Engineer: 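Structure in structure tokens, see below.
Counting convention: from 1, in listed order, for ligands and their atoms alike. Computed over heavy atoms, backbone and side chain alike; hydrogens, waters and symmetry mates excluded. Index from 1, following the sequence. In this text, all values refer to a predicted model and were calculated from it rather than measured experimentally.
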Amino acid sequence: MTKKLWGGRFSQDSDAQAWALNASIDFDQRLALQDIRGSLAWASALQHAGILTDAETQEIKAGLESIAEEFQEDRFAFEPMDEDIHSAVERRLTELIGPDAGKLHTGRSRNDQVVTDFRLWLMEHIPQLDIALAGLQSALLSRAETDIDVIMAGYTHLQRAQPILLSHWWLSHFWPLQRDRERLAELTSRTAVLPLGSGALAGVPFPIDRHEVATDLGFLSVSSNSIDAVSGRDFVAEFLFCTAMIGIHLSKLAEVIILFTTAEFNYFELTDAFTTGSSLMPQKKNPDAFELTRGKTGVLIGNLVSVMTMLKALPSTYDKDLQEDKVLVFHSFDTLTQTLPVLASAISSIQVNAETMLAAIDDNMLATDLADYLVDKGVPFREAHTVVGQAVRQALDAEITLSELPLETYVQISPAFSNDLYAVFDAGNSVARRASIGGTAPQAVAQQISQAHNALEAMQSNTLLEV
Ligand code: ARG
């Protein structure tokens with residue numbers, strides 16, 4: 001049996017099943033390149049602290065570089081005794097350069113090493129998630145531009161409420177993603193805090209320049225407390241909150257798209273490329289991509305709850321429970337980076353049934369506009385609301401629409417009505433009147449579209465700076 005990193009004080013072999021439970025190599029091998037980068041920086045730090053000679057440093061670095069190549073070219077050979085990525089890299093380094101490899105772990109513990117690797121991984125991968133989010137935002141923004149002339153029923157309580165522009169509705173799903181991206185950007189600064197140089201929990205007894213290590217690795221600052229550095233995982237919980245929130249935003253969008261594709265609504269049609277059939281019912285075309293988006297959100301929320309539950313009663317500094325954090329993060333990251341591009345393409349390919357959407361707007365949806373009309377005539381809104389309510393009642397009783405209710409009836413209800421009231425029954429006018437900032441009028445939406453473009457461009461240059 002190959003030697004374990006920590007085998008010195010042990011006289012018995014590990015139980016095979018306990019070993020399998022303990023090992024994290026199956027999932028933490030994703031940290032290989034970050035682990036090697038961390039080790040390269042640590043080798044320099046040890047050299048500058050006078051622990052490694054120049055020759056030893058060179059030898060160790062050359063060995064690490066060639067291990068990095070093995071990973072990049074997918075030819076790194078794992079051994080059954082590789083417990084985790086840190087031990088795998090150290091084992092391979094020993095094979096390549098011999099016992100000098102053993103000097104690299106001076107002053108370092110896997111406790112500060114793993115959290116350094118993990119933070120580095122997130123610093124590199126948050127921008128990837130950000131790009132995927134921007135892709136969906138662009139798809140929504142293009143839809144808003146294309147569908148600018150489409151008027152639809154806006155809903156509250158899932159009941160027809162007031163007419164809105166479809167563009168306005170698409171953009172209502174753009175802005176939450178903008179906030180998600182801002183949250184991720186803020187998280188980047190809290191993630192980029194260097195733990196390396198904390199040792200197992202108490203710090204390092206050698207004159208290591210931690211600021212130099214931080215700069216080498218692209219961290220923005222250095223942790224202030226070695227105990228907190230090896231045990232703190234709120235950056236993980238924050239990341240999982242961000243991903244859960246993104247999931248919730250996507251799920252809400254997916255849910256309504258599914259609804260709008262039903263025969264009952266018939267607002268949207270999905271193309272074959274983003275739907276699947278039924279093995280039994282030949283006529284079916286199912287919105288699977290959207291259903292899966294909605295379904296996967298359950299696990300995204302679950303991963304957040306899992307990590308918080310895991311953290312809530314950890315007694316000491318590093319506890320082995322913490323090993324599980326990576327599984328959750330990788331899973332949430334993979335879920336979103338797989339889902340977001342599909343969603344972006346599926347949304348771009350939706351066919352809009354503009355006529356059906358417009359036909360869903362009945363006179364009652366313009367009842368608020370009728371009350372606003374009375375307000376323009378000097379009637380207090382509260383009274384106008386009651387008056388229009390009476391008109392709605394009378395139209396319902398007579399089984400006619402509000403625009404079919406004769407002028408005499410209106411005037412009987414309130415003398416403030418006159419013949420110009422019928423101009424209110426035009427969804428286009430209703431929409432056009434709501435021209436306040438953030439409103440649904442075409443000119444307000446046009447402004448919103450240019451704001452959205454600016455927001456996308458500003459974030460894009462941020463991301464480029466960070467990478
Ligand atoms: N595989 C471990 C993890 O992912 C590395 C840290 C192990 N530390 C230890 N004291 N056993 O958390």
Engineer: Does a side-chain heavy-atom distance below 4.5 Å link Arg210 with Ser198?
Structural biologist: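 Side-chain contact under 4.5 Å: yes.
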
Engineer: Check whether Phe219 forms a cation-pi arrangement with Arg119 (NZ or CZ under 6.0 Å from the six-membered ring centre, at most 45° off the ring normal).
Structural biologist: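 The answer is no; the distance or angle limit is not met.
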
Engineer: Keeping Asp15 on the side-chain end and Ala18 on the backbone end, is there a donor-acceptor pair under 3.5 Å?
Structural biologist: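 Yes; judged by distance alone, with no hydrogens or angles, the pair exists.
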
Engineer: Does anything in residues 264-276 pair up under salt bridge (charged side-chain N to carboxylate O under 4.0 Å, His left out), and if so which pairs, sequence neighbours excluded?
Structural biologist: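 Residue pairs passing salt bridge (charged side-chain N to carboxylate O under 4.0 Å, His left out), neighbours aside: Asp272-Lys285.
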
Engineer: With hydrogens left out, which residues have an atom under 4.0 Å from ligand 1, given that only heavy atoms count?
Structural biologist: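 Correct list: Ser24, Asp28, Asp84, His86, Arg110, Asn111, Val114, Tyr318, Gln323, Lys326.
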
Engineer: Regarding Asp180 and His249, is there a side-chain donor-to-acceptor distance under 3.5 Å anywhere?
Structural biologist: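 Present: a donor and an acceptor within the cut-off.
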
Engineer: Would you say the rings of Phe268 and Trp170 are close, in the sense that their centroids are separated by under 6.0 Å?
Structural biologist: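 Centroid distance Trp170-Phe268: below 6.0 Å, so yes.
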
